[in-house]
Amino acid sequence: MTSLMRTLALLSWHVLLPLSTAAAQEPTSGLGFRYAIPYQALADTQQRGYGVTWTSWASSGSAWSSLGAGWTRFPGKAAASSGDTAPSDLDQAEMLLGFGVTVASFRLGAKGGYFFRDEDEWAVLPTLGLRLGRLLVTGEAKVLGKVRWYGGSVSWLPSR
């Protein structure tokens with residue numbers, strides 16, 4: 001079943017990316033850095049995480065859509081390992097589709113998509129962003145699934 005989900009996620013990715021950027025008045029993409037803080041069960045075994053993101057945004061009027069991919073690592077806590085075992089890091093990759101509205105320089109919306117790791121899962125992330133020139137500062141939270149975290153990212157947008 002997992003391979004079917006991955007195949008569907010990849011197919012939708014390749015179909016939706018050209019459609020969203022072709023219909024946009026202002027397409028842009030950028031690279032970002034993520035800082036994530038684990039909570040609930042994840043906070044017992046993992047430290048604060050870091051990662052990289054790539055996102056392509058398209059906007060038309062006050063509405064925006066996005067397609068993104070990323071990778072985040074949560075280093076393991078030494079206290080969570082037993083005996084001579086080294087703490088294990090948790091890595092997750094993601095593919096996300098987002099929608100929302102822009103008011104002035106603020107962006108409010110949600111991203112949903114697929115997170116790849118040992119136990120793959122679908123998730124939704126509420127998102128709030130602020131565009132400052134070529135920087136987009138975003139706060140987000142992964143509120144569903146076994147790996148839950150909140151954090152933020154800063155993305156560099158090469159065009160305005």
Side-chain angles (χ1 to χ4, degrees), residues 1-24 26-60 63-77 80 87-102 106-131 136-158:
M1 185 71 171
T2 302
S3 63
L4 174 62
M5 289 181 172
R6 284 184 184 178
T7 302
L8 289 174
L10 288 171
L11 284 174
S12 63
W13 177 263
H14 290 291
V15 169
L16 292 172
L17 178 61
L19 289 177
S20 75
T21 54
E26 181 198 338
T28 188
S29 64
L31 290 173
F33 172 77
R34 172 183 287 146
Y35 181 75
I37 302 168
Y39 71 96
Q40 290 188 343
L42 186 64
D44 296 337
T45 59
Q46 307 303 128
Q47 299 177 45
R48 294 177 180 195
Y50 56 90
V52 293
T53 60
W54 169 84
T55 308
S56 176
W57 293 274
S59 61
S60 180
W64 60 265
S65 64
S66 67
L67 291 167
W71 165 83
T72 305
R73 168 171 281 180
F74 294 92
K77 286 185 176 178
S88 77
D89 297 342
L90 186 144
D91 291 310
Q92 68 176 17
E94 68 203 44
M95 289 182 13
L96 301 171
L97 173 64
F99 297 98
V101 294
T102 301
F106 292 95
R107 294 184 183 204
L108 177 64
K111 297 187 268 187
Y114 201 65
F115 286 80
F116 303 91
R117 58 182 195 88
D118 293 339
E119 297 175 27
D120 299 350
E121 60 188 5
W122 293 93
V124 175
L125 291 85
T127 305
L128 176 64
L130 174 64
R131 184 149 182 191
L136 178 62
V137 179
T138 306
E140 55 198 0
K142 185 171 178 287
V143 295
L144 299 175
K146 292 183 180 179
V147 177
R148 295 183 182 194
W149 51 265
Y150 62 93
S153 62
V154 176
S155 299
W156 173 257
L157 308 175

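Just so it is clear, the model here is predicted, and its values are computed rather than measured.
- Residues R117 and E94 are not paired through a salt bridge, judged by the lack of any N-O separation under 4.0 Å between the basic side chain and the carboxylate.
- If you take CZ on R73 and CG on D91, they are separated by 4.0 Å, rounding to the nearest 0.5 Å.
- Taking 4.0 Å as the cut-off between side-chain N and carboxylate O, K111 and E140 count as a salt-bridged pair.
- Partners of R148 under the salt bridge (Lys or Arg N to Asp or Glu O under 4.0 Å) rule, at least two apart in sequence or in another chain, do not exist in this structure.
- Of the candidates W71, F116, F115, Q92 forms a side chain to side chain contact (heavy atoms under 4.5 Å, CB included) with just one, namely F115.
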*Could you walk me through whether T55 and T138 pass the side-chain contact (heavy atoms from CB on, under 4.5 Å) check?*
CA-CA 12 Å; T55 308; T138 306; over 6 Å; no
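- When atom types are taken as modelled, the side chain of T127 and the backbone of L125 share a donor-acceptor pair closer than 3.5 angstrom.
- Between the side chain of K77 and the backbone N or O of A43, at least one donor-acceptor pair lies under 3.5 Å.
- Nearest approach of G98 to W64, heavy atoms of both residues: C-CZ3, 3.8 Å.
- Of the possible donor and acceptor atoms, none in the side chain of W57 sits under 3.5 Å from a partner among the backbone N and O of S29.
- Ring geometry for F74 versus W149: interplanar angle of 30 to 60°, hence tilted.
- For Q47 (side chain) and G76 (main-chain N/O), a donor-acceptor pair under 3.5 Å exists by modelled atom type.
- A donor atom on one side chain and an acceptor atom on the other are not found under 3.5 Å apart for Y50 and R34.
- A donor-acceptor pair is defined here as one N or O able to donate and one able to accept, closer than 3.5 Å; such a pair exists between the side chain of K142 and the backbone of L144.
- Using a 4.5 Å heavy-atom threshold, the side chains of L136 and R107 count as touching.
- Aromatic rings of F33 and Y35 (six-membered ring for Trp) have centroids beyond the 6.0 Å cut-off, not under it.
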